[in-house]
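Predicted model, so just to flag it, every value in this text is computed and none were measured. Whatever order the structure lists them in is the order used to number ligands and atoms, beginning at 1.
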Amino acid sequence: MLFRFSFFSVFFLCSSAAVLSPVRHDRSTGLYSLSICTKTPCQDTNLLVDLGSSFNWIDCSHNYTSSTYRSIPCTSSLCNSLGSHGCSGDCSGNHLPGCSKNSCFLSLLNSGKRKGITKALALIDSLALPLTDGRNPGPLKNFPNFIFSCSATPFFRNRRPKGTAGLAGLSQSNFSLIGQLSKQFSLPRVFALCLSRSPSAPGVAFFGTFGPYYFHPLVELPKNLIYTPLFMTNPAAGGGETLHRVSDEYFIRITAIKVNNFVINVNGSGSDRAMLSTTIPYTTLHSAIYRPLIEAFLNESAALNLRLTQPVKPFSVCFEAVNVSVSRLGPLVPTIDFVMQNPDVFWRVHGSNSMVRILNRGVDVWCLAFVDGGNKSRSSAPIVIGGHQMVDHLLQFDLDSKRLGFSSSVLVHNTMCANFNFTVNHGIR
Ligand SMILES: *[C@@H]1O[C@H](CO)[C@@H](O)[C@H](O)[C@H]1NC(C)=O
Ligand SMILES: *[C@@H]1O[C@H](CO)[C@@H](O)[C@H](O)[C@H]1NC(C)=O
Ligand SMILES: *[C@@H]1O[C@H](CO)[C@@H](O)[C@H](O)[C@H]1NC(C)=O
Ligand SMILES: *[C@@H]1O[C@H](CO)[C@@H](O)[C@H](O)[C@H]1NC(C)=O
Ligand SMILES: *[C@@H]1O[C@H](CO)[C@@H](O)[C@H](O)[C@H]1NC(C)=O
Ligand SMILES: *[C@@H]1O[C@H](CO)[C@@H](O)[C@H](O)[C@H]1NC(C)=O
Ligand SMILES: *[C@@H]1O[C@H](CO)[C@@H](O)[C@H](O)[C@H]1NC(C)=O
């Protein structure tokens with residue numbers, strides 16, 4: 001009995017070091033940013049959320065002032081573990097007072113189109129995030145020795161939301177946000193994302209906790225998570241052993257897509273890997289999947305008496321909004337299921353996630369929010385699931401068990417990701 005009691009109290013102490021961050025949607029780019037506190041004194045800093053990035057990038061092209069900032073000596077073992085190759089820094093791209101030839105510069109391996117090496121100054125500064133019990137944020141927890149990379153280049157590979165000063169990497173890398181948080185505080189390597197498109201209330205990211213996560217009106221979200229294996233690119237593959245990748249993406253298997261009950265085979269494109277990406281707003285499909293999906297979607301919508309309109313780019317199916325009925329789960333259109341390792345495991349996309357409203361200069365339409373990725377077979381993956389399809393789903397990335405837990409649309413449970421209670425509870429420790 002005594003043993004049990006102490007076991008539970010130890011467990012409780014550990015699990016309460018979990019932290020969170022609000023995650024905001026940016027309308028003009030369709031992308032998401034999370035906010036952290038960096039530097040000393042602590043400054044609120046918005047970083048683009050990038051599931052695939054191996055490092056956290058911070059802009060130091062403008063004045064960088066912090067009393068806790070340190071550069072890393074290029075001869076240190078930390079610098080070596082960061083993949084640096086010798087002391088050959090070039091400080092002309094930043095305005096950091098401590099930058100010199102003897103500072104540590106990362107050498108990162110670009111994959112895909114922009115093959116090659118990216119060099120970036122590594123720096124150490126503090127980072128603070130609110131503790132959480134899954135219900136509220138608590139006091140800030142300070143992480144004093146957080147490693148950032150300082151360069152504008154990698155996070156300009158995509159458009160970035162206004163007001164962001166860098167990028168939060170959420171990949172499995174030891175130097176990503178989750179990698180560093182879990183290492184410094186022995187947290188489990190797990191994080192959960194609940195993205196919101198609400199302009200008034202943010203969604204939330206939880207780090208180092210399996211939950212439960214609570215959303216108003218006290219809905220406990222992880223109860224009915226569905227699990228599918230999570231694949232990650234092999235961190236050691238390609239380049240020298242000590243080179244880290246700029247990006248290191250997450251993949252799941254999608255074996256079929258169903259529109260209502262009509263099954264579309266996705267193997268025509270040669271792979272069943274689907275990448276999860278928060279840096280594209282809409283799911284992008286290889287043409288060999290996109291074309292039959294559109295065909296099936298139109299066919300299955302025929303009974304709904306919707307009026308097709310001139311499509312609005314980049315979409316190819318749009319309906320006049322007046323004819324579309326909207327329910328709690330969004331526009332009433334055929335459901336789209338991403339079927340995974342077996343037919344019982346699927347991610348159901350309701351109208352709220354499959355359609356996007358476009359209201360602009362006399363145009364008022366709902367468009368099918370999927371994009372034709374073309375016929376190139378080896379761009380990244382035939383299916384890249386984008387942010388719009390993740391909104392109001394709880395996604396739990398469990399890196400140690402290599403699995404993704406996902407909920408059905410939380411709208412089904414009468415809540416939404418914008419319903420997290422951000423009132424600070426100072427009692428959390
Ligand atoms: C940057 O610092 C310099 C020197 O301290 C100052 O003159 C300049 O106004 C600062 N720029 C910004 C954008 O804060
Ligand atoms: C990450 O850290 C772990 C534990 O310290 C280590 O075993 C592993 O090799 C590291 N991974 C990489 C890619 O450096
Ligand atoms: C695709 O899957 C279908 C049904 O599972 C199968 O009959 C077909 O041979 C597969 N095609 C390829 C190219 O693998
Ligand atoms: C179109 O819909 C009809 C009736 O629901 C169905 O029998 C047929 O298989 C569908 N075809 C396609 C390509 O979706
Ligand atoms: C769509 O709505 C308009 C305006 O209410 C109506 O005139 C039209 O008949 C509707 N079209 C269909 C296909 O239901
Ligand atoms: C892909 O190929 C098909 C058939 O060859 C063609 O009809 C389609 O336009 C192509 N898609 C794109 C986006 O190029
Ligand atoms: C939000 O959390 C605070 C602090 O725990 C609590 O006092 C308040 O009642 C909560 N609000 C709602 C709507 O649940």
Side-chain angles (χ1 to χ4, degrees), residues 16 18-20 22 130-140 194 196 198 200-204 206 209 212-221 264-271 280 282-326 331-334 351 355 357-359 362-384 410 413-429:
S16 68
V19 291
L20 63 70
L131 289 166
T132 187
D133 58 358
R135 294 170 192 270
N136 293 97
L140 285 178
C194 203
S196 162
S198 162
S200 52
V204 58
F206 300 94
T209 169
Y213 323 102
Y214 296 91
F215 291 79
H216 185 75
L218 281 190
V219 178
E220 213 182 293
L221 276 186
I264 298 161
N265 270 320
V266 300
N267 58 1
S269 60
S271 164
I280 59 163
Y282 305 106
T283 294
T284 301
L285 304 170
H286 189 284
S287 286
I289 303 168
Y290 185 78
R291 279 176 287 122
L293 174 74
I294 295 296
E295 221 169 278
F297 190 81
L298 286 172
N299 189 30
E300 294 292 329
S301 328
L304 298 171
N305 280 318
L306 303 178
R307 187 154 37 161
L308 275 171
T309 65
Q310 188 70 27
V312 177
K313 273 188 178 171
F315 309 117
S316 58
V317 172
C318 298
F319 300 116
E320 205 73 74
V322 280
N323 306 100
V324 176
S325 318
V326 179
L332 289 169
V333 293
M355 305 296 286
R357 180 97 176 252
I358 297 174
L359 243 169
V363 172
D364 185 4
V365 295
W366 283 100
C367 296
L368 181 64
F370 288 80
V371 175
D372 189 348
N375 291 314
K376 284 167 286 158
S377 55
R378 290 252 151 250
S379 50
S380 45
I383 300 175
V384 184
V410 302
H413 306 293
N414 285 308
T415 188
M416 52 206 281
C417 290
N419 280 9
F420 185 75
N421 185 345
F422 276 102
T423 307
V424 176
N425 174 352
H426 294 281
I428 298 170
R429 60 194 76 249

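Checked by atom type and distance alone, the side chain of Ser196 never pairs as donor or acceptor with a backbone atom of Pro202 at under 3.5 Å. A donor-acceptor pair is defined here as one N or O able to donate and one able to accept, closer than 3.5 Å; no such pair exists between the side chain of Asn323 and the backbone of Leu306. Here the side chain of His413 pairs no donor or acceptor atom with the backbone of Thr415 at under 3.5 angstrom.
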Check step by step if side chain to side chain donor-acceptor pair (under 3.5 Å) holds for Asn136 and Thr423. CA-CA 6 Å; Asn136 293 97; Thr423 307; 4.9 Å; no
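Close approach to Arg291 involves these atoms of ligand 6, each under 4.0 Å from a residue heavy atom: 2 (O), 3 (C). Listed by atom number, the atoms of ligand 5 under 4.0 Å from Asn305 heavy atoms are 12 (C), 13 (C), 14 (O). Ligand-side atoms of ligand 6 in range of Asn375: 1 (C), 2 (O), 3 (C), 8 (C), 10 (C), 11 (N), 12 (C), 14 (O), range being under 4.0 angstrom from any heavy atom. Residue Val322 has at least one heavy-atom neighbour below 4.0 Å for each of these atoms of ligand 5: 2 (O). The ligand atoms of ligand 6 that sit less than 4.0 angstrom from a heavy atom of Gly374 are 13 (C).
When only interatomic distances are considered, the shortest N/O to N/O separation between Asn323 and ligand 5 falls below 3.5 Å. At under 3.5 Å, a nitrogen or oxygen of Ser287, whether backbone or side chain, sits near a nitrogen or oxygen of ligand 6.
Nearest heavy-atom pair, Ile428 versus Leu131, reported as atom, atom and distance to 0.1 Å: CG2-CB, 4.1 Å.
For Phe215 and Tyr213, the ring centers sit 6.0 Å or farther from each other.
Evaluation of the salt bridge (Lys or Arg N to Asp or Glu O under 4.0 Å) rule for Arg357 yields Asp364 as partners, not counting sequence neighbours. Taking the ring pair (Phe, Tyr, Trp, His ring centres under 6.0 Å) definition, one finds that Phe297 meets it with nothing, sequence neighbours left out. Applying the side chain to side chain donor-acceptor pair (under 3.5 Å) test to Ser325 and every residue at least two apart in sequence or in another chain returns nothing.
Under 4.0 Å from any atom of ligand 7, one finds heavy atoms of residues Asn136, His216, Asn421, Thr423.
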